[in-house]
Each structure stands twice: as structure tokens, then as C-alpha cells.
Amino acid sequence: MAAPASPPIALRGPALSFTGDPFRDGLDATLVHEPDAIVAMAGGRITHFGPAARIAPLLPAGTELRDYGRNALISAGFIDTHVHYPQTPMIASHGAQLLDWLNKYTFPTELKFADRAFARDTARLFLRESLRNGITTSCVYCTVHPHSVDALFEEAEQIGLRLAAGKVLMDRNAPEGLLDTAQSGFDQSQALIQKWHGRGRLLYAITPRFAGTSTSEQLAAAGALWRENSDCLMQTHIAESRDEVAWIRELFPDRRNYLDVYDHHGLCGPRAVFGHAIWLDEPEMQRLHDCGAAIAHCPTSNFFLGSGAFDIARAVRKERPVRVGLGTDIGAGTSFSILTTLDAAYKASQLNRQSLSAGHAYYLATRGSARALYLDDKVGRIAPGMEADLVVLDMRSTPLIDSRMNEARDFAEQLFIQMTLGDDRAVQATYVAGRLVHARASGLSPPNRSP
């Protein structure tokens, strides 16, 4: 089903986008800030973008102009490259590190998804919270139950979202009610791919949870499935904690390192997204670069579970850059807010004796994450022809931010204030395929007359 058609709409206000990768080419060459811009949309795509004075005369008759004012910021919609929708009910569960946390909280919660109604209700809540935080594309882990995938895709399809998701594959080290087999996991995933992949804006992600919960036979089956469906994504976890790395070494003693477990089974390549990757060594980073795979950086989750501080500067080193996207990793992640997640990403860089600028951070949340998912030709930036997924921020969303913005010296400092102090209250509006799908109660100024 194609995204619902939308009438011509134009948004006016300050705008931010990126023409390239600032980690490689610098912010001066890649960051686009228009203090007074118009972004026009029709048929689910962006048709015009540029200074308002230049674009206004070009708009078709009948275009509805929505002026958000000078204290707004229009951006490409945020992209979440690693998130577990079934963990929405257990967010903020206290008191365990990764492996214990899985057994104490995650698996008992995912057992509840045997109930189709529970899966559907959770999918609706997850998508509503995502849109309320300006997230317009996500790469999502479901549960082992095929109907958990159906529930999410059915709800996303109604909204017209660009979304990737997949059934988790697990055939060991989990409760009986969450286990499949190498063959049943293959067969169920193949059926889901045939049903959903490429349907409208939906994509399938082949999803072995991680090497600790899949046998070598299941990982090999996942690799074979990906070879048969190479335009799908593949997502899994890697090197999230030191204890996990040690455990995987015990489970796969014949493999050179953690990444080699996946590589040996055909699970490294373009459109592979590896969550966390905190404790990878240099040969593993080089292999990720060589094969075109990506890392999903999940800082709020990494801090919450005490897993470590991912070193993004090391990952994107110019001599062998690895694609990196941003992940909320709900529910070990503690917020759906991308601004809050960027605040944590800044702190992770500080712990690695690096400073992540606000411009680099916003790239990571938009075009950088789109590139990690091999979707940067479709979403992640504002440009004619791109899919019209946008978020409109309120740059003065709270009394403290309003006061602090009065002291900001330049646009870079304004952006940094937002990612340090901002949260879901900053999201005025979210647009999906050119349609308004979330509006904060006081967020939208009365539309001006059509030009």
C-alpha cells in the first residue's frame, strides 16, 4: 500500500539539513542552515526547499503555507536505527546489567506477546511515542512471534511510515516460549519477508537477536535467508558488554573474534546494522568498514546498563570510517527523545576524551542514521525528491530553554542547548510522507493564506 496522497503543503521557518557527511568533510561544507526557509511537499515528497523569498513565488496555486515562526527549526525527521518495540512496557526497569537484565525483565515481557491484542496495543503505543518525539523511521526488533511483526507493520502501514522490522530469531538460552528453531525461524521469516518487504514504505530486517541466543545452525540459516533476500536489512547485537564478549568467546571458541561469529555465517555486509559495538577491536572495525556494515550507537542504553561508552570518533576515523547511526534502544534505553539520546551521545564522547559537536550530532540523528540503513537516497535530509518526513522543533520549549536561548551566541550554540536541555516537549509537529501525524497542542501557528 502506497503512502496516502497529500495535498500541497509548505512549511515556513528556520531549517537545518546536511548535504554530506560532516565527520568526513566538515560542518562548513555540509551543514545547511536557512534562517527563513520554505519546505514544500506534495504527493509524499519534498518539491521545494530554500530561502522563503526565493521559494514562495514558485509554489503552486492553492498550496497551504504553515508558518511556524522564527523560534522553530524544521529538520528531516529523526531516525532510530536500533529499538525494541516489545520492550516499551518495561522501560525504566531497575537493577541489572545486560545478561541478567535480559533474563529478569526482557524475556518475561516478551512472553506476553503470545497475546495478539497485547502486541497490537504495544505497537500502537510505541508508534505514538515515536511520532511524538519526531521519529519518522525506525529499525525495530519484534519478538519471536510472527504476529508481533504483523501487528507493528499493520499499524505503521496505516500511518504511511518508512519502517524496518523483523521477527527475532532465538533457538537457545531463552525461555521455552520464546524459542524457535533454525528451520522454523527461517520459514517464518521468509513468509514475513514475502508479505511485508517492499510493501509501501515497509522493509524487512532479518533479526537474529545475538550470538548468545542463536546456535551456529540458526546463524547459518539467517545468513542463507539474507543471501536469498539481499535487499533486506540484517540487524543484531554485538559487543555491548565485556561479560557478553567473554560469553560469546566461550560459545564460539573457533572464531577469531565476536564479529567473526557473524561474518563466518554470512551476516556481514551492506545493510547489516550491529547494535552497540562498544568493545570491538581494531580488526573488527576494519572489517565493518570493508564490508559496508553499520553500527547503531545507543548511548542511553549503554549508560543505563553500565555497558560502556561507545567511542564514535574511533568508529568514524577518516582512514577507515564505519557507518554509524543513532539508536534509542528502548527499553534499556531510557527515552524515546532523540534530543535526550544526543545528550547521552555527547557524554559518551566526553568519556572518550572527544567532543561531539551539535552539528555532528544532528547529522547522526538524521542523514547519518539514514546512511547507516542505506536509506539516505530516500530520507534523512531536506531536498527536492526526498520523501517528505519532517520534524518541527520549538527552540524555546521550556522556560529554562527560553532563557538560555537569549544568551546563545550563534546557531551552533542554539543546537547544543536543544540537545542538552530538550526533550519531547520540543517537538511541535511531525510530518510523515507530507502529512501531519503529530501536533503538540500549541505547536502549530494558524496557517497563512495560500500564496
Next item on the list: State plainly whether the residues R256 and D263 are in salt-bridge range, i.e. N to O under 4.0 Å.
Entry: no

Next item on the list: Scan L163, I338, V391, T430 and name whichever one has a side chain to side chain contact (heavy atoms under 4.5 Å, CB included) with I135.
Entry: I338

Check: Atom NE2 in H33, atom CG in L16: separation rounded to 0.5 Å?
Finding: 7.5 Å

Next item on the list: Identify the residue among E155, E129, Q158 that makes a side chain to side chain donor-acceptor pair (under 3.5 Å) with R124.
Entry: E155

Item checked: NZ/NE/NH1/NH2 to OD/OE distance under 4.0 Å, E217 and R172 -> no

Next item on the list: Measure the OH-CG distance between Y204 and L233 for me, rounded to the nearest 0.5 Å.
Entry: 11.5 Å

Check: Only one of K378, R162, E157 clears side chain to side chain contact (heavy atoms under 4.5 Å, CB included) with R201; which?
Finding: R162

Checklist line | Shortest non-hydrogen contact between Q235 and Y141, atoms and distance | finding: OE1-CE1, 3.2 Å

Item checked: Distance, nearest 0.5 Å, that separates CD1 of I206 from OG of S230 -> 9.0 Å

Checklist line | Test item: R367 side-chain N/O and T19 main-chain N/O as donor-acceptor pair under 3.5 Å | finding: yes

Margin query: Restricting to non-hydrogen atoms, name the atom on T106 and the atom on Q87 that form the minimum distance, rounded to 0.1 Å.
Written below: CG2-NE2, 3.4 Å

Notebook entry, point to check: Where is the tightest heavy-atom contact between S17 and I382, given as atom of each residue plus distance?
Noted result: OG-N, 2.9 Å

Margin query: I want to know whether H276 and F310 have ring centres closer than 6.0 Å.
Written below: no

Notebook entry, point to check: Any sub-3.5 Å donor-acceptor pair from S214's side-chain atoms to L169's backbone N or O?
Noted result: yes

Note to self: Just verifying a value: how many Å separate E387 CD and L161 CG, rounded to the nearest 0.5 Å?
What the structure shows: 11.0 Å

Check: Would you find a donor on one side and an acceptor on the other, under 3.5 Å apart, between the side chain of T88 and the backbone of F126?
Finding: no

Item checked: Note: D260-R287 ion pair, threshold 4.0 Å (strictly below) -> no

Item checked: I159 versus R435, closest heavy-atom pair with distance -> O-NH1, 3.0 Å

Notebook entry, point to check: Looking at L326 and P299, what are the two nearest heavy atoms and their distance?
Noted result: CD1-CD, 4.2 Å

Item checked: Polar side-chain atom of H82 near backbone of H297 as donor-acceptor pair, under 3.5 Å -> no

Margin query: Has T300 got a side-chain atom pairing as donor or acceptor with T334's backbone, closer than 3.5 angstrom?
Written below: yes

Item checked: Polar side-chain atom of W196 near backbone of D150 as donor-acceptor pair, under 3.5 Å -> no

Next item on the list: Indicate the atoms forming the closest heavy-atom contact of S148 with F113, along with that distance.
Entry: CB-CD2, 4.5 Å

